[in-house]
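Have a look at the structure below, then the notes.
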There are 2 protein chains.
Amino acid sequence: MSQPNARRPATLASLAAELGVSRTTVSNAYNRPDQLSATLRARVLEAARRLGYPGPDPVARSLRTRRAGAVGLLLTEALSYAFRDPVATGFLEGLALACEQAGQGLLLIPVSPSQPDVTTVHQAGVDGFVVYSVREDDPHFLAVLERPVPTVVCDQPVGIDGVDRVGIDDRAAMLGMARHLTGLGHRRIGVLCMRLGPDAQDGRADLLRQEQTSYPVQRARIGGLREGFAEAGVDWADVPVHERFEHSVDAGEAAAAELLATHPGITALVCTSDILALGALRHATARGLAVPDDLTITGFDGVPEAERAGLTTIRQPVREKGQVAGELLLERGERNRPRQVVLPTELVVGTTSKGPREARFFSGW
Amino acid sequence: MSQPNARRPATLASLAAELGVSRTTVSNAYNRPDQLSATLRARVLEAARRLGYPGPDPVARSLRTRRAGAVGLLLTEALSYAFRDPVATGFLEGLALACEQAGQGLLLIPVSPSQPDVTTVHQAGVDGFVVYSVREDDPHFLAVLERPVPTVVCDQPVGIDGVDRVGIDDRAAMLGMARHLTGLGHRRIGVLCMRLGPDAQDGRADLLRQEQTSYPVQRARIGGLREGFAEAGVDWADVPVHERFEHSVDAGEAAAAELLATHPGITALVCTSDILALGALRHATARGLAVPDDLTITGFDGVPEAERAGLTTIRQPVREKGQVAGELLLERGERNRPRQVVLPTELVVGTTSKGPREARFFSGW
DNA sequence: ATGAAAGCGCTAACAT
DNA sequence: ATGTTAGCGCTTTCAT
């Protein structure tokens, strides 16, 4: 379009012809400086500058060497969304770090929302893929699996044969959260979770939907909660679980409003992400509910904003996830690392959780 | 690497041979479905599945078609830093949007900090580059210019021949800020700016350094301030300008401390970014200075966090910058758009600016 | 230290 | 509707 040298006049071959040397020599001038005399090399490079030869074409080189020098990244959502989600940006930061260290490019695969156009996956010139938290039956993910390059998954899907994975123990983390809450005395709780299916379906999610979700992470988190509350004798069928397709503070606020309208008696609202929890917090404030006195609210992730808000949450090492994903893919240290990495999480008790009023009476004496 | 089909057994040619058809036919089955009968196409695709042929190799196709299907992005800093900077992520969001709409991948070029290893630029298989706010003499940028593909610059460098640019009028924006401050009565000010050179040089920047900076954006912003204060009779030689290499809230805090220690008499602290201003704000709080009563503090960018803090600042459309950069590169609408796009900015008067005490006496009667 | 030959895997004319 | 013929620009044995 408008580059000064927007033609592609010179090629390695034309340069070689011009100089009266072989293509090998020109190639060596760029790739194996020790294979030719310094003077000849200088002559080649000078001629290149003079003729506007930009150096070996990367695509042609990739074809020949069978290495693209880049890793592809497939994200759940529209690319533009990822940059707004603090968890995703944390992951990206770590992954970018790993790529930097390995001198590899990071190719973000564009996914037109809900458009099953998989060509962008097919057309990606990469040496491997990192897949970040996508649905099990995501068509783009299936397209990735067809490509004859290594793949590393972060979080979900789980249990894909021959594919490395980095994640956390979502179930155990939420079990810990459940025990924290039952320990405080909570028995009547509500749950706000992220999308459970490919379709936008906001509102209460029944048991079947909870179990059949195509998002194993949500299943594991809900499962951990369920187990923890079962230990305290709570029948999960009575626990309202509300899902929200969109992941945003606004969505969390709306979901909290909805859930509290139908279940005003709950004493704790457990959210499967901090973003949703921040929305719930906002709703509580708007409605005049004191947190944690009138209502306990908890999150998941440990994003900076949640920390600032004093949210009780599960902190997970997002950045490290990204870095490990990259290292796993780039085989740093020649694959003596396990193919399945589970990173630790930590329960952070903030100022948004406390025993319910009834329980406090008890503990009063 | 552990992909189930990690070999590369089948190629288009082998598939064609297997089926007893020509390579063209197989190619058409993928790229021009209308060029062959539905039954033959089905037969081809079935054989492909059976033989584990993953479809045409993207690199080979790119070599042939001379299109990589991706745009490269060169950033100022280490990639991993970009995801922490709200201005950069806003830009990325917009750029990603444009790429999504065009079905193009976005290749992030890794830049090992301060390492002049330009090979990653050379090895990038892209159809064009977007360059985000880099130093004029950045070696990576120079490498980009050598590549025979179109390039769009955001912000800086400026005035590169034949290269499109999207930016704002930094000088005019800061002139507006200066007039806002002089209008309030400020005459003794200090300035906190971002790095002015390739080397980490924290501390006071003299006139020469201000003028010779390799960052045109900083020069323009400082220039606008200078002009505005000249209108009010302020001699710029008396104005302390402190630069900071690192761009972070902490850096802003430290710089503010430094500047106020040597110039306790200033009534306003003008920062060339919100991040620095947030740091200055923190220092003021720590030191017990009331803002804006004891000290006026202003920023630049209009990031969400600044808005929350009520900062007086210049709001610039970061996201749109990214989108326009992408569109410019991808020539949406066949280049009837200007090659130099200047987006509007807006002075946002928050709660951190107010006239100095002396002036307030005046305006009292 | 330099060159000749072969081919990476594909698509685009141009036939038929 | 399908096949034939040429490369895209490069690296890499293997000779010299």
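Per chain, numbering begins at 1; letters A, B, ... match sequence-line order.
- Taking atom CZ on A:R64 and atom P on D:dG9, their separation rounds to 16 Å, with Å as the unit.
- Here the CD atom belonging to A:E18 is positioned 5.0 Å from the CG atom belonging to A:L51, to the nearest 0.5 angstrom.
- Scanning atom types as modelled, one donor and one acceptor separated by under 3.5 angstrom connect the side chain of B:T24 and the base of D:dT4.
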Let me see the working for A:L328 and A:E331 under side chain to side chain contact (heavy atoms under 4.5 Å, CB included), right down to the final yes or no.
-> CA-CA 5 Å; A:L328 235 36; A:E331 292 289 357; over 6 Å; no
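- Side-chain proximity of A:P56 to C:dA12, C:dC10, D:dC10: nearest is D:dC10.
- Within the 4.0 angstrom heavy-atom criterion, no nucleotide atom of any strand lies near B:R41.
- Whole-Å rounding puts the B:L12 CG to C:dT11 P distance at 6 Å.
- For CZ of A:R50, the number of neighbouring non-hydrogen atoms (other residues, nucleotides, ligands) closer than 6.0 Å is greater than 12.
- Listed pair B:S27 / D:dG3 fails the phosphate criterion, with no side-chain N or O lying under 4.0 Å from OP1 or OP2.
- Between A:Y30 atom OH and A:L12 atom CG the span is 8.0 Å, to the nearest 0.5 Å.
- For B:N28, no side-chain nitrogen or oxygen approaches OP1 or OP2 of C:dT11 to under 4.0 Å.
- For the pair A:D34 CG and C:dT2 C1', the computed distance is 14 Å after rounding to whole Å.
- As rounded to whole Å, 15 Å separates atom C1' of D:dG3 from atom CZ of B:R32.
- More than 12 heavy atoms of other residues, nucleotides or ligands shown are found within 6.0 angstrom of CZ on B:R84.
- The distance from atom CZ of A:F129 to atom CG of A:L73, rounded to the nearest 0.5 Å, is 10.0 Å.
- Put simply, CD on A:Q35 is 11 Å from P on D:dT12, counting in whole angstrom units.
- Proximity of B:Y30 to the phosphate of C:dG9: no side-chain N or O atom is located under 4.0 Å from OP1 or OP2.
- Taking every side-chain heavy atom of A:N31 into account, D:dT11 is the closest of C:dA12, D:dT11, C:dC10.
- Among the protein residues, A:R67 comes within range of no part of the nucleic acid, since none of its heavy atoms lies under 4.0 Å from any strand.
- For DNA chain C, the residues of residues 15-23 of chain A within the heavy-atom distance limit of 4.0 Å (strictly under) are A:G20, A:V21, A:S22, A:R23, sorted by number.
- Note: CG (B:D57) to C1' (D:dC8) measures 13 Å, nearest angstrom.
- In this structure, the side-chain hydrogen bond (donor to acceptor under 3.5 Å, both in side chains) partners of A:D85, at least two apart in sequence or on a different chain, are A:Y81.
- Comparing atom distances between the B:T65 side chain and each of D:dT11, C:dA12, D:dT2 picks out C:dA12 as nearest.
- The aromatic rings of B:F83 and A:F83 lie parallel to each other, with less than 30° between the two planes, well short of the 60° mark.
- At the phosphate of C:dC8, neither OP1 nor OP2 sits under 4.0 Å from any side-chain N or O atom of A:R66.
- Considering only the side chain of A:L63, D:dG9 comes nearest among D:dG9, D:dT11, C:dT11.
- At the phosphate of C:dC8, neither OP1 nor OP2 sits under 4.0 Å from any side-chain N or O atom of A:R61.
- A close approach under 4.0 Å does not occur between any side-chain nitrogen or oxygen of B:T25 and OP1 or OP2 of D:dT2.
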